[in-house]
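Here the structure is laid out as structure tokens; the discussion comes afterwards.
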Amino acid sequence: MKVLFHVQHLLGIGHVRRAARIASALSKAGARVTIAQGGFPVPEAGFGDIETIQLPPARASDPGFGSIVGEDGMPIDDGWKARRTAMLLDIHDDLRPDILLLETFPFGRRAFRFELLPLLERARARPGRPLVASSVRDILVAKKDPAKEAEMAEIARRHVDLVLVHGDPAFVPFGASFPFADRIADLIRYTGYVGPDPGPPPPSDEGRDEIIVSVGGGAVGERLLRIALEAARLSTYRWRLLAGPDLPGPVFAALAAAAPPSAIVERARPDFTGLLAHCRASVSQAGYNTVMDILAAGCRSVLVPFAAGGETEQAIRARLLAGAGRAQVLEEATLTPEGLAAAVETTAQMPSPPPAMALNGAEIAAEMLIEAR
């Protein structure tokens with residue numbers, strides 16, 4: 001069974017990491033998976049031996065998603081779009097997949113309608129057309145224009161056979177962030193949450209009783225890291241700050257140079273989940289994958305949800321986790337070193353959170369796709 005999986009990240013690397021886990025589960029279940037990767041390469045993604053075809057890469061120009069730029073840093077134009085669309089259609093025609101899996105679309109990645117709608121039309125017109133599925137996280141970013149959300153449902157209704165929601169309706173139903181979920185209710189399948197790979201264990205003394213500060217890929221984490229470094233000076237604990245691969249080198253060097261004796265500044269590590277399992281408390285944003293890492297480790301946490309550019313997804317997730325007794329939440333806009341240090345001191349003395357919800361969503365998603373085909 002052949003699977004073509006279109007993956008396009010624009011800012012952080014969470015979408016790619018989740019896609020890699022689902023692709024790996026499909027591969028282990030016997031499918032031949034091909035990734036059409038539309039973002040800039042992410043060596044840390046974990047696609048491993050899975051075939052990955054790099055499309056002309058694109059990313060957001062800034063955290064507010066002001067524009068989409070290509071490899072030269074210039075906004076993509078009609079010629080660029082035509083070339084990438086032709087390449088994607090050729091991949092589809094050569095592979096003739098049994099399953100076409102789209103990461104997020106049509107519930108996001110609206111800027112890539114230029115290539116994804118032709119791809120869906122091509123798949124639909126093909127004799128023996130593939131099963132078409134959308135892979136989407138538990139919470140969507142709220143849209144200011146309801147017409148755009150209605151269009152998402154219309155595209156799904158026309159082109160998509162399954163909408164795989166990587167969440168648990170008992171925690172947050174898809175309709176909580178997508179007001180037209182009732183129009184596609186028969187398409188929705190909840191897979192449960194897509195948890196992390198275990199990763200290697202850390203050295204026995206590293207992370208133990210520390211405050212672990214992480215910012216995912218790091219593209220929008222500089223402010224949190226700077227405030228955490230100052231909070232470490234006010235704390236009774238040892239702090240370990242993990243800067244993701246997208247944090248610029250000069251910024252990382254400046255943070256490392258400014259670290260007090262009570263803090264360590266490192267790049268992100270493959271044994272991150274193991275460090276969390278050892279830690280006294282975690283400080284992070286509230287992206288999907290980071291929260292899964294926290295739940296898998298069963299650690300106490302302080303969440304500072306990313307909220308720039310009208311982002312609402314992380315704030316909703318953080319608020320739900322706080323309501324379930326799994327985290328303390330601080331607002332990004334009002335964060336101070338003193339406030340963060342105080343929150344960490346309080347959180348570090350709290351009981352460990354309740355056992356995590358099921359995190360085998362990648363395996364469930366693979367099973368659902370293969371059975372549906």
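All figures in this text were calculated on a predicted structure; none of them were measured in a lab.
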Below 3.5 Å, can you tabulate the donor-acceptor pairs from side chains in residues 100-108 to any protein atom, sequence neighbours excluded?
unit_1: E103; atom_1: OE1; unit_2: H15; atom_2: ND1; d: 3.1
unit_1: E103; atom_1: OE2; unit_2: H15; atom_2: ND1; d: 3.1
unit_1: E103; atom_1: OE2; unit_2: R18; atom_2: NH2; d: 3.1
unit_1: T104; atom_1: OG1; unit_2: H15; atom_2: ND1; d: 3.4

Considering all heavy atoms, the nearest R269-P202 contact: NH2-CB, 4.1 Å
Y237 vs D209, side-chain hydrogen bond (donor to acceptor under 3.5 Å, both in side chains): CA-CA, chis, key distance, verdict: CA-CA 8 Å; Y237 294 99; D209 286 329; over 6 Å; no
Residues R240, E210; criterion salt bridge (Lys or Arg N to Asp or Glu O under 4.0 Å); working and verdict: CA-CA 7 Å; R240 188 179 297 268; E210 296 178 350; 2.7 Å; yes
Pairing residues for D62 by the salt bridge (Lys or Arg N to Asp or Glu O under 4.0 Å) criterion, not counting sequence neighbours: none
Test log, rule side chain to side chain contact (heavy atoms under 4.5 Å, CB included), inputs R300 and S352: CA-CA 6 Å; R300 308 168 186 86; S352 296; 3.7 Å; yes
Stepwise salt bridge (Lys or Arg N to Asp or Glu O under 4.0 Å) check, R122 with D93: CA-CA 9 Å; R122 181 70 61 91; D93 293 348; 2.4 Å; yes
Candidate pair D186 and R157, rule salt bridge (Lys or Arg N to Asp or Glu O under 4.0 Å), full reasoning: CA-CA 10 Å; D186 58 314; R157 187 84 262 164; 2.8 Å; yes
Minimum side-chain heavy-atom gap R113-E151 below 4.5 Å: yes
Near-ring test Y190/F174, centroid separation under 6.0 angstrom: no
Residues F40, E71; criterion side chain to side chain contact (heavy atoms under 4.5 Å, CB included); working and verdict: CA-CA 8 Å; F40 281 72; E71 199 165 14; 4.1 Å; yes
Under 3.5 Å donor-acceptor, R317 side chain and A286 backbone: yes
Stepwise side-chain hydrogen bond (donor to acceptor under 3.5 Å, both in side chains) test for S214 and S284: CA-CA 5 Å; S214 61; S284 71; 4.6 Å; no
All pairs passing salt bridge (Lys or Arg N to Asp or Glu O under 4.0 Å) where residues 340-357 contributes a residue, at least two apart: none
T52 versus Q37, side-chain donor and acceptor atoms under 3.5 Å: no
Partners passing salt bridge (Lys or Arg N to Asp or Glu O under 4.0 Å) against E230 (at least two apart in sequence or in another chain): R233
Common cluster, L117/F112, ILVMFWY with side-chain heavy-atom separation under 4.5 Å: yes
Set of residues satisfying side-chain hydrogen bond (donor to acceptor under 3.5 Å, both in side chains) with respect to E371, sequence neighbours excluded: none
Hydrophobic cluster membership, L255 vs L241, 4.5 Å side-chain cutoff: yes
Salt bridge (Lys or Arg N to Asp or Glu O under 4.0 Å) pairs, two or more places apart, involving residues 161-172: R129-D161
